[in-house]
Novice: 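Structure provided below as structure tokens; questions to follow.
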Amino acid sequence: MPNTGKSTLFNRLTASQARVGNWPGVTVAAQAARIAAGGATAEIVDLPGIYSLEGGCEAELIVRRFLEREPINLCLVLLHAAQLDRQLTLALQLKTLGLPLLVLLNMADEAAALGVRINAARLSAELELPVRLISAKYGGGVAAAWQCIESLLDERPGAARADGAGRHARAQSGRRNELHRVPQRAESLPRNGQTACLGCGACPMTWAAGATAGVPAAVAVERIYASAVKAPDDLPERLTARLDRLLLHRQLGLPLFFVTVFLLFELVYRLAAPMQEGMVWGLGRLRLELLEPALRAVPPLLRSFLLEGLYNGVGTVLSFLPVIVLFFVAMAAIEDSGYLARAAFLMDAVMARAGLDGGAFVIQVMGLGCNVPAILGTRVMRSRALRLLTMLVIPFSLCSARLQVFVFLAGALFSARAAPLVLLSLYAASFAAAALTAVVWQRRYRSPEPLLLEMPPYRLPTAGHLLRQARRAAEHFLRRAGGFIIGGMVAVWLLTHLPTGVPPAGPATLAGRAALLLVPVFRLVGIGPLLSLTLLLGFAAKEIIIGALAVIYRAGDAKLAGVLAADLGWVQAYSFMLFTLIYTPCLATVAAIRQESGTWRFTLFAVGWSLTLAWLASFLFYQGARALL
Amino acid sequence: MRISLNQLPDGQAAVVAEIRAGGSLMARMTAFGLKPGRRIRVIRRANWQGPLHVRVGMTEIMIRRSDAQSVQVAVDPA
Ligand SMILES: Nc1nc2c(ncn2[C@@H]2O[C@H](COP(=O)(O)OP(=O)(O)OP(=O)(O)O)[C@@H](O)[C@H]2O)c(=O)[nH]1
Ligand SMILES: [Mg+2]
């Protein structure tokens, strides 16, 4: 089952940083990690959650494919301890396949708080399967469960050890992690003996038949449940119900959601601003005290490249690290709270008018962090039409990379009072672009998809969880910065400094000449040649834009704001921001759309549409503002 | 007395009597524990003809009104 804490357990067992969120469908791809188990190495794989063996969404296909191809020694079935009335079914389905299972009843803490009493021994006897109660989030029972896992692996050493990857018990179903044991000299064996396994006649991998054979008599579930679980008829009213009365209020609910998110982001900027200034100051000192003296002996062109190209560019991008990390922590807190499921509930009626649904809204909100995982997140959608429409809309989510550009430009070109309003207006514009897109294209991607979604209780994120997410965000950011952002800076520097002997960033440089070609397109929207060049480069990744400006204007961190303000009017700047907001977010997003949609046609259409829309929006704004002012 | 889930007043308990839905919707409902014999209660309805917030057994779910139409529930006339 989705949202039963598989990734939480995975993180606890393997010290990984898999994404966790109080929302079904957070994990959409298998993720593996190795740990020592007894004398050998075990590989644990965290899978997406699935509702049943026959489901048809992409995430479920991924689980199925995994189970068809990978050797598995033990299958951990995670169930929500307080919802066994519906979740036991899966354990029984799996059992009919004759696979080694360990049933883990997670969220024991919540079950206890609800007054649900579970007789694990009885349940184990009835199911004829080992059963353990755990609390993956707080750690209760996990050590005991781990011992059980180790001994189960020991009891069945033959499977994977006897002939490597050949004969092994394998399981099929979602809602859990898989453990396959990799023998000690794992490297010499085929890691995922797929070929060996596909031909293995012993494996009952008949998915189609599973539909009938796998559905156990509902009576059995009822009987087992009644004998092993005691749940109060009327559940005690919990905090969740009281919070819901306010947060899901018919009139207040939606405004409250937006206000909450806004305040949270506001807090992020307030907290991050001094840290960012600190970074800028530190980077400036470093350059003055260390780098410039050290590079004195280096030839001027190379020195200019190192300082004005690499250091200014990358340094400017790096100074955004605190904003980005805090921003992701805020997103993680929202995701883990369960508020997103409420947002889906509140927004569904609105989204339905645009041919989308509440689930699409949540994915859209997740896109505020980064569009790429949001695109992958559409894997939980069953209808292809709905999936495509959602993918068309996600790139308009104002992701953290674009946020950098806007935070910077708003701070540089607008007064301290106006800057937050400028940011807010850009969020509104991103929402409008998404809505317009959905409304325009909903007839082409029409879907009769029913909407059924869990409303999990509110949960409090733990500090450890938030720290893990912060680390993840920082690593992700630095990886991007280390990769094509440095590449982007090098490209910008070369373009603005070659051929040698002409004034840097002038019209005679490569950049100047390329920019001239763009003039006809961008003159009408008020974006000058050099700015349009940064847009061209920003196609690869939006993080490049500010760094590129630093290189082009030959002004590092602290000075860039002043230089820009002297060169740009606010109308032009806003037009530039609108364009940056709406056109294709980055190459990684384009690649994700290609991968998930499976067609270039759709991908090119998505890119073309966003470019058109970006140009039109900037055009209307720029010409409108000029006519009025 | 049998009515559709849509007509069940907020807060009133009922029991699922019958579901008339196609295969895939039916399967999804079953996965959420929405099947005959289960106790069910509508907690609230969203504005603008939005979805219902429903409690079935131990699980809370949201379901669109158009889909809830196919769920028949039995209520005590008393
Ligand atoms: N109270 C409580 N909450 C838990 C426990 N384990 C996990 N959670 C919370 O349950 C939510 C879902 O956890 P995940 O680990 O993302 O669940 P998942 O099974 O990986 O979900 P999907 O990948 O979406 O299928 C998160 O909010 C966790 O913090 C637990 O033992 N007790
Ligand atoms: Mg997960």
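Chain naming here is simple, since letters A, B, ... match the order of the sequence lines and numbering starts at 1 in each. Just the heavy atoms: all of them, side chains too, but no hydrogens, waters or symmetry mates, feed the values below. Please read these numbers as outputs of a predicted model, since none were measured by experiment.
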Novice: Donor-acceptor pair, distance only, cut-off 3.5 Å: does the side chain of D348(A) make one with the backbone of G50(B)?
Specialist: no
Novice: Is L254(A) in contact with chain B via its backbone, its side chain, both, or neither, using a 4.5 Å heavy-atom distance?
Specialist: side chain
Novice: Is R353(A) in contact with chain B via its backbone, its side chain, both, or neither, using a 4.5 Å heavy-atom distance?
Specialist: side chain
Novice: Is there a side-chain contact between M455(A) and I61(B) (heavy atoms, below 4.5 Å)?
Specialist: no
Novice: What's the spacing between L248(A) CG and M62(B) CE if we round to 0.5 Å?
Specialist: 8.5 Å
Novice: Relative to chain B, which of R245(A), Q251(A), E454(A) shows the most heavy atom pairs under 4.5 Å?
Specialist: E454(A)
Novice: Is the shortest heavy-atom distance from the side chain of D244(A) to the side chain of H53(B) under 4.5 Å?
Specialist: yes
Novice: Work out which heavy atom in A349(A) is nearest to a heavy atom in Q49(B); give both atom names and the distance.
Specialist: CB-C, 4.5 Å
Novice: Nearest heavy-atom pair of R28(B) and P450(A): which atoms, and what distance?
Specialist: NH1-O, 4.4 Å
Novice: Nearest heavy-atom pair of R38(B) and D85(A): which atoms, and what distance?
Specialist: NH2-O, 3.0 Å
Novice: Of all heavy-atom pairs between F345(A) and L52(B), which one has the smallest distance, and what is that distance?
Specialist: CE1-C, 3.7 Å
Novice: Side chain, backbone, both or neither: which part of A27(B) has a heavy atom under 4.5 Å from chain A?
Specialist: neither
Novice: Mind listing the closest non-hydrogen atom pair of K35(B) and E222(A) along with its distance?
Specialist: CE-OE2, 4.4 Å
Novice: Between L452(A) and L25(B), is there a side-chain heavy-atom distance shorter than 4.5 Å?
Specialist: yes
Novice: When only pairs under 4.5 Å are counted, which of G33(B), A46(B), S66(B), A13(B) shares the most heavy-atom pairs with chain A?
Specialist: A46(B)
Novice: Would the number of heavy atoms belonging to other residues, nucleotides or ligands and lying under 6.0 Å from CZ of R242(A) be above 12?
Specialist: yes
Novice: Is there a donor-acceptor contact under 3.5 Å from the side chain of R86(A) to the main chain of A31(B)?
Specialist: yes
Novice: In terms of heavy-atom pairs under 4.5 Å, which option from E60(B), R39(B), R44(B), R41(B) contacts chain A the most?
Specialist: R44(B)
Novice: Would you say R250(A) and R45(B) make side-chain contact, with heavy atoms under 4.5 Å?
Specialist: yes
